[in-house]
Amino acid sequence: MGQSTLKDIFGAYRVDAKSIFKNKDVLTEKFLPTTILHRDEQIRQLGRIVAPAIRGEKISNTFVFGTVGTGKTLTVRYVAGELEKENPAEIRVLYVNCKMKRVSDTEYRLLAELTRTLGGTVPATGLPTDHVYRIFFELLDKKKQNIILILDEIDNIIKKIGDDILYSLLRVNQELTHSKLSLIGISNDITFTDNIDTRIKSSLSEEDVIFPPYNAAQLQDILLERAALAFADDVLDKGVIAKAAALAAQEHGDARKALDLIRVAGEVVERSGSQRVTIPHIDCAVERLDTDRTTELVRNQPKQSLAVLASIIKLKESQEGNVQTGDVYAYYERTAPTRGLKLLTPRRVSDLINELDMLGIIRTKVVSKGRYGRTREIEVLPANPVLMRIKKILEENYLFDTLNRYG
DNA sequence: GTCAATTCACATGAAAGAGACCACGGTCTAGTG
DNA sequence: CTAGACCGTGGTCTCTTTCATGTGAATTGACGA
């Protein structure tokens, strides 16, 4: 690359350069807007639920439902934050996102994270779980406080470690002498309460708040407001916002997606060096988002999982018809040792295939072929840019070569 | 032709092992006064 | 006497294996029409 070209590229990003963004952070999840549009009803509902805390009363445990990008987290945090301001000495809001890797897998980790938000220190491992529980408990009860614990994406952790932890948390109040603890659970899976103990369910869900999806018009309002803050004046073509809103509305009224669309569209424009965001840029953003998501997922997979994925892709390319679990394992069994990998059992490979499916990297369907057994039929993405990039990642990991050595 | 039993090729579940990481408390060791 | 090194024990976590059980329709084979 010539040095003058590099200068041009850097120049476009220089602080004094004219950027189409005023403040890109406004379009990310981190940003907390001062007003929340089209959620008045939910804010009122939540407000009524948490208000008793101001007088020092324990509030009802509450469940908040709604699909992704409907403003659940934003609204709950906003209301809780305002509440905290009313009586900062006694009201304490703890927010934990159960989807974070360091929280989501075990009871120990959740407790450790809760303890940390209370200001305690807990090692990543090495302590008995009930010891951590005791530390947490003691911190809770150290002084008089009304604690509101927000568990975001609570369905994640319940699916993984069961509802015992909820039971413990709900029972904690009986043992606390100074403090009160209330729970607000946020979930985007309405059905997940079906799997928890009915007693726990009823005491956890004393109040419910439902967040309906945004419609296209509402999304458009939200986008307009944010875009005004995020973009420089007059860089968005007419119709860009409407298009992004319409696309996101199709996907269950997901505001996060809508914001991502205009952000990525803006990035595309910025990179191309032009000054206006037009409708085709939104189409481009749709594709980019999709590709990025998948390739990022693939990149983070462990080697064995990639080896299985490589086997699937290779088989798909070299044979007609459906690829089945047995085929994949046979191929994997032949190739894995030559790639310096320890050979896994079919049981494990079956799970890995399943995981790849859950991540949306492949599609599988369990089918019974009668006399010829029961298996998974595996589909890969059709040949497209995403697949190309996946293959590239596999090649980088020495798990795939374009030449068919093992056909 | 009909119908129940059989069969295949895995799926799915449960439990437990291996090996890494870590905290804690006790013991040993070397340095200090 | 004391701080720090070292070690054994006991805990969690992730990935994996082992063993056991489940599954659903094509096929098979017995049976009766």
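So that the names make sense, note that chain A is the first sequence line, chain B the second, and so on, each numbered from 1. Side chains included, hydrogens not; waters and symmetry mates left out as well; all remaining heavy atoms used.
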Worksheet entry | Nearest-neighbour nucleotide for the A:T325 side chain, C:dT16, B:dA11, C:dT23 considered | B:dA11

Discussion item. So that I can tick it off, tell me whether A:D152 and A:K72 are bridged by a salt bridge, with the cut-off set at under 4.0 angstrom between side-chain N and carboxylate O.
Written reply: no

Discussion item. Just to be sure I understand the geometry, which residues of residues 343-353 of chain A put a non-hydrogen atom under 4.0 Å away from DNA chain C?
Written reply: A:L343, A:L344, A:T345, A:R347, A:R348

Worksheet item: Do the ring planes of A:F65 and A:F63 sit parallel (below 30°), tilted (30 to 60°) or perpendicular (above 60°)?
Response: parallel

Worksheet item: Is the distance from OP1 or OP2 of B:dC8 to the nearest side-chain N or O of A:T375 less than 4.0 Å?
Response: no

Worksheet entry | Nucleotide C:dC13, atom P - distance to CD of A:E113 in whole Å | 14 Å

Discussion item. Check this for me: A:H252, atom NE2, are more than 12 non-hydrogen atoms of other residues, nucleotides or ligands nearer than 6.0 Å?
Written reply: no

Discussion item. I need the CD-C1' distance between A:E107 and C:dC13, as an integer number of Å.
Written reply: 14 Å

Worksheet, complete the sentence: Here the distance between atom C1' of B:dA11 and atom CG of A:D357, to the nearest Å, is 13 Å

Practice prompt. Name all residues meeting the salt bridge (charged side-chain N to carboxylate O under 4.0 Å, His left out) criterion together with A:E225; count only those two or more places apart in sequence or in a different chain, and write none if there are none.
Written response: none

Worksheet item: Can you tell if the side chain of A:L352 reaches within under 4.5 Å of the side chain of A:L344, non-hydrogen atoms only?
Response: yes

Worksheet item: Could you state the OH-P distance from A:Y329 to B:dC8, rounded to the nearest angstrom?
Response: 21 Å

Item to complete: Decide whether a cation-pi geometry holds between A:R39 and A:Y214; the criteria are a distance under 6.0 Å from NZ or CZ to the six-membered ring centre and an angle within 45° of the ring axis.
Response: yes

Worksheet item: Can you check the A:Q324 CD to B:dC8 P distance for me, whole Å?
Response: 16 Å

Worksheet item: Base, backbone or nothing for each nucleotide of nucleotides 2-7 of chain B, written B, S, -, heavy atoms under 4.0 angstrom, 5' to 3'?
Response: -----B

Fill in: A:D260 and A:K257 ion-paired at < 4.0 Å
no

Worksheet, complete the sentence: Between A:S187 and A:D155, the two heavy atoms sitting closest are OG-CG, 3.5 Å

Discussion item. With a 4.0 Å cutoff (strictly under), does any side-chain N or O of A:R376 reach OP1 or OP2 of B:dT12?
Written reply: yes

Worksheet, complete the sentence: note: A:E377, atom CD; B:dA11, atom P; distance rounded to Å ~ 12 Å

Worksheet item: Separation of A:I378 atom CD1 from B:dA9 atom P, in whole Å?
Response: 16 Å

Item to complete: Starting at atom CG of A:D130, determine the distance to atom P of C:dG10, rounded to an integer number of angstrom.
Response: 15 Å

Worksheet item: Is the Lys NZ or Arg CZ of A:R77 less than 6.0 Å from the centre of A:Y95's six-membered ring, within 45° of the axis?
Response: yes

